[in-house]
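Remember, it's a predicted structure, so these values are computed and weren't measured experimentally. Note on naming: letters A, B, ... go to the chains in the order of the sequence lines (proteins, then strands), and numbering restarts at 1 for each one.
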Amino acid sequence: MAREFDLRDAQVFAGMTEEELGALARAGHREVFQPGEAVFSGKMRARAFFIVGSGGVDVTVRQPDGRSVVVATLHPGTSFGEAAMFDGQPRNAVGSARGTTACWVLDADGLDRLRHESPTAATKLMINLGRSMAERLERIVAQVNESADGDDTRSSRFAGVMSWKLLDRLMGKH
Amino acid sequence: MSDFLPYFRTLPLFTGVPDDAILAIAQRLTRRRLMAGQTLYHSGDPLRAAWFVIKGSIEILSAGGRQVLVVPAGGAICLAGLFTGHPPDMTSIAMDETWLLELDRDLFLQACEGTDPFGRLLVERVVMMLAHQLRRFDSALLRLEASAVAKARKKGRAAECVPEDKPAQEKLHRPPPNATDAELMEWAAEMAKRSGIDDLDKIKVVQGPEIPIRRGPIS
């Protein structure tokens with residue numbers, strides 16, 4: 001079996017002292033999921049942030065016609081749920097374990113405990129999560145912009161404009 | 001600042017925050033007023049602040065001059081840049097008389113390093129707003145991506161459409177190059193349908209000449 005991802009290498013724990021990492025370890029917990037078991041879904045674990053330690057997580061989205069489509073697989077070292085941990089809205093997708101999968105989980109209660117036990121660790125985590133989300137948001141926006149202005153073919157321009165229009169409409173639904 | 005308190009209370013930045021904390025945070029921010037057509041920042045300008053729209057609205061134009069989004073009252077602009085410091089790659093212009101709260105990036109970074117409780121609250125609120133923005137993009141992009149995957153699967157091309165090592169949200173679907181008008185419209189209708197939008201006519205597709213950027217002074 002492959003060695004589990006060392007959580008100390010996770011980007012969201014950058015700059016933490018050993019003491020702060022200890023507080024984080026106590027605030028979160030390790031969960032093991034059996035193959036096919038739901039890791040998150042809808043309101044289940046809505047306010048939780050995960051880092052995949054071993055195995056993998058298939059992310060599935062249900063289509064309007066009822067069919068489900070796997071849109072990504074998350075591998076060891078990947079973190080997810082940063083946004084969900086703060087807004088507590090139901091998940092947009094369903095995550096299920098691909099093989100036996102271990103995750104480190106920090107939920108809203110754990111974050112509250114961390115704020116109490118180690119405010120500096122909580123602030124550093126918050127800033128690291130903010131940076132991670134900011135980078136992801138900028139990549140998405142850059143890609144949509146590239147579609148809009150990247151090359152000069154009519155279909156690319158059309159795709160870019162449609163992407164923004166569709167995004168705008170879809171975002172308005174939430 | 002207290003005369004603006006009723007407006008501040010309506011901002012998502014201050015949702016659930018007591019009035020005294022709102023005023024304490026607002027004192028760290030600068031109030032700005034833009035007239036219609038006045039530029040907030042140009043694409044490529046150094047990132048020095050983020051803004052929260054109190055009243056009015058701001059249009060966001062791509063580098064090519066196309067309007068891509070309108071940020072109404074309550075919205076935030078350049079939040080991601082507070083963390084990354086990357087210059088904006090779009091241009092922002094006031095659509096009408098617009099009031100903003102400006103959060104200086106240096107001040108934000110000081111708040112990140114400091115122990116002042118109001119500074120920490122400000123950082124936390126900014127992270128929460130960023131999470132909300134990301135969630136809205138993610139939600140929309142997941143649905144777009146799922147529609148693209150479903151369509152590709154129909155044609156037996158699912159494997160090439162979903163690279164396992166790349167988050168799906170970062171891959172957008174494009175219509176075929178050199179598509180005819182009919183093919184483009186068919187593609188758009190399919191994307192809209194798969195994304196749960198049943199009335200494509202409500203989506204205005206701009207295919208005309210580029211929208212000129214109205215250059216105005218930065219106030």
**Request:** Decide yes or no on ring pair (Phe, Tyr, Trp, His ring centres under 6.0 Å) for F80(A) and F40(A), but give the supporting numbers first.
**Result:** CA-CA 11 Å; F80(A) 59 96; F40(A) 60 85; 5.4 Å; yes
**Prompt:** Between M128(B), H86(B), E124(B), which has the largest tally of heavy atom pairs under 4.5 Å with chain A?
**Reply:**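 With the most close heavy-atom pairs to chain A, the winner is E124(B).
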**Message:** Determine whether a donor-acceptor pair (N or O, by modelled atom type, separation under 3.5 Å) exists between the side chain of T78(A) and the backbone of H75(A).
**Reply:**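 Such a contact is found between T78(A) side chain and H75(A) backbone.
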**Item:** Proximal component of L129(A), with respect to chain B [non-hydrogen, under 4.5 Å]
**Value:**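 Looking at L129(A), nothing touches chain B.
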**Item:** Heavy-atom pairs under 4.5 Å with chain B, option from A83(A), G56(A), A122(A) with the top count
**Value:**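 If we count pairs closer than 4.5 Å to chain B, A83(A) comes out on top.
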**Prompt:** Can you tell me how far CE of M129(B) sits from CG of L11(B), rounded to the nearest 0.5 angstrom?
**Reply:**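 With rounding to 0.5 Å, CG (L11(B)) is 7.5 Å from CE (M129(B)).
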**Asked** Tell me, do R28(B) and F118(B) make a side-chain contact under 4.5 Å, heavy atoms counted?
**Response**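 Yes, their side chains come closer than 4.5 Å.
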